[in-house]
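Worksheet for the structure shown next.
Sequence positions, counted from 1, serve as the residue numbers for this chain. Only heavy atoms go into these numbers, but all of them, side chains included; no hydrogens, no water, no symmetry mates. Since the structure is predicted, the reported quantities are computational estimates derived from the model, not experimental observations.
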Amino acid sequence: MRWTLRVVAGGCIVWAVLVLLFVAVQYKEAVSDGAPPSFALGVRHQSVFSAIALPAIIAGALVGLRHALAGSPAWRRCVEAAGVVAIFSMADYFWTVLALSAYTGVPAQTLVASTPSLFWLMLPTFTGMAYLAGAQLKGLVQRSGDTTRGGRTARLAVRSAGRTDYVALDDIVIVSAQGNYVALVDRSGREVLHRATMIEMAQMLDGQGFVQVHRSHFVRPSDVVSTEQRRERIASVRLRSGQVLPVSATGSAALMAALNSTAAASSA
């Protein structure tokens with residue numbers, strides 16, 4: 001992920017330089033053709049959007065994704081996200097005041113005063129939205145990078161305490177919420193903590209043979225040995241490992257359908 005950030009950062013710098021050179025040439029030709037000084041305002045909007053806004057959006061999305069994958073604490077996310085927004089906002093301002101004003105000969109006060117207030121808010125807004133969007137890509141990236149299909153055993157990259165262990169999903173029978181972590185329990189009863197939310201785990205476990213029986217628990221129906229009925233629904237399940245887990249009303253319907261499907265497949 002770090003190398004990806006470096007490559008993208010380098011690409012954004014090259015892109016910004018090329019765009020600014022293009023805009024400079026375009027402005028010089030326009031002025032030589034008799035364009036009025038007010039044309040500089042249009043140059044400002046065009047150059048800022050092309051050379052600064054696009055890299056800002058990409059950087060915001062990548063930082064959001066990196067924070068989500070690393071499970072960074074909330075204070076660090078807030079500080080670094082604010083830092084990204086501040087860096088590009090200052091780049092926007094100083095490009096207008098220092099570089100563009102000197103190049104076009106139009107006073108900086110004129111350029112700043114002629115720019116609508118909404119335009120100054122667009123860059124930090126787009127960067128912040130890109131950060132939030134990048135954080136939502138975590139499930140997609142983990143599903144594509146942490147699991148493998150096509151005849152091979154799917155594995156999950158378990159990140160905790162500065163290390164990464166790869167656990168075969170076929171060995172996991174229970175996934176339970178534990179604060180900011182989830183507990184992965186295998187068939188032997190061994191428990192491993194993984195920094196993720198239940199929503200993220202639901203995305204990663206999709207199609208892997210798990211059923212969410214409770215807001216805090218996923219189980220593998222093939223490892224259920226008995227169920228306790230209460231008011232015509234499943235209230236709890238016992239697994240081969242001996243563990244007993246509660247089952248919600250919604251989870252009861254999903255688990256019952258999975259168990260019936262497994263029973264029908266076995267009889268066939």
**Item:** Validation row: V247, H214 side chains within 4.5 angstrom (heavy atoms)
**Value:** no
Exercise for the section: Mind running side-chain hydrogen bond (donor to acceptor under 3.5 Å, both in side chains) on S176 and H217 for me, showing each step along the way? Expected result: CA-CA 4 Å; S176 298; H217 304 290; 2.7 Å; yes
Heavy-atom closest pair (V175 atom, M198 atom, distance to 0.1 Å) is O-CE, 4.2 Å
Just do the side-chain contact (heavy atoms from CB on, under 4.5 Å) check on E228 and I234 with the steps written out, would you? CA-CA 6 Å; E228 180 184 345; I234 300 176; over 6 Å; no
Open item on the list: Checking F218 against V182 for the side-chain contact (heavy atoms from CB on, under 4.5 Å) test, could you report, in this order, the C-alpha distance in whole Å, the side-chain angles of both residues, the deciding distance, and whether it holds?
Closed with: CA-CA 10 Å; F218 286 93; V182 292; over 6 Å; no
Practice task
Check the hydrophobic clustering (I, L, V, M, F, W, Y; side-chain heavy atoms under 4.5 Å; chains of links allowed) and say if V244 and V173 are grouped together.
Solution key: no
Here the gap from D186 atom CG to D170 atom CG, rounded to the nearest 0.5 Å, amounts to 12.0 Å
query = Are Q212 and M201 side-chain neighbours, meaning at least one heavy-atom pair lies under 4.5 Å?
reply = no
Original post:
Any side-chain heavy atom of Y131 within less than 4.5 Å of one from V85?
Top reply: no
* Asked: Does a side-chain heavy-atom distance below 4.5 Å link L245 with V219?
  -> yes
Contact between I174 and D223 at the side-chain level, heavy atoms closer than 4.5 Å - yes or no?
no
Is there a donor-acceptor pair under 3.5 Å between the side chain of E80 and the backbone N or O of R77? no
Nearest heavy-atom approach of P246 to V213 is O-CG2, 3.9 Å
**Message:** Under a 3.5 Å distance rule, please check whether R190 uses its side chain to pair with a backbone N or O of L184 as donor and acceptor.
**Reply:** no
Scanning both residues in full, the closest heavy-atom pair of R220 with G209 reads CG-O, 3.6 Å
Exercise for the section: Could you tell me whether the side chain of V224 reaches within less than 4.5 Å of the side chain of L239, counting heavy atoms only? Expected result: yes
In this structure, CD of Q178 is separated from OG of S216 (nearest 0.5 Å) by 10.0 Å
So CG of L255 and OG1 of T250: to nearest 0.5 Å the spacing works out to 12.5 Å
inquiry  = In this structure, would L132 and V63 fall into the same cluster of hydrophobic residues linked by side-chain contacts under 4.5 Å?
reply    = yes
Taking every heavy atom of S252 against every heavy atom of R233, the minimum-distance pair comes out as OG-CB, 3.5 Å
Distance col, row E191:CD vs I172:CD1, nearest 0.5 angstrom, shows 10.5 Å
One should read off an interatomic distance between E200 CD and H194 NE2, to the nearest 0.5 angstrom, of 8.0 Å
Discussion item. Is the shortest side-chain heavy-atom distance between Q243 and V185 below 4.5 Å?
Written reply: yes
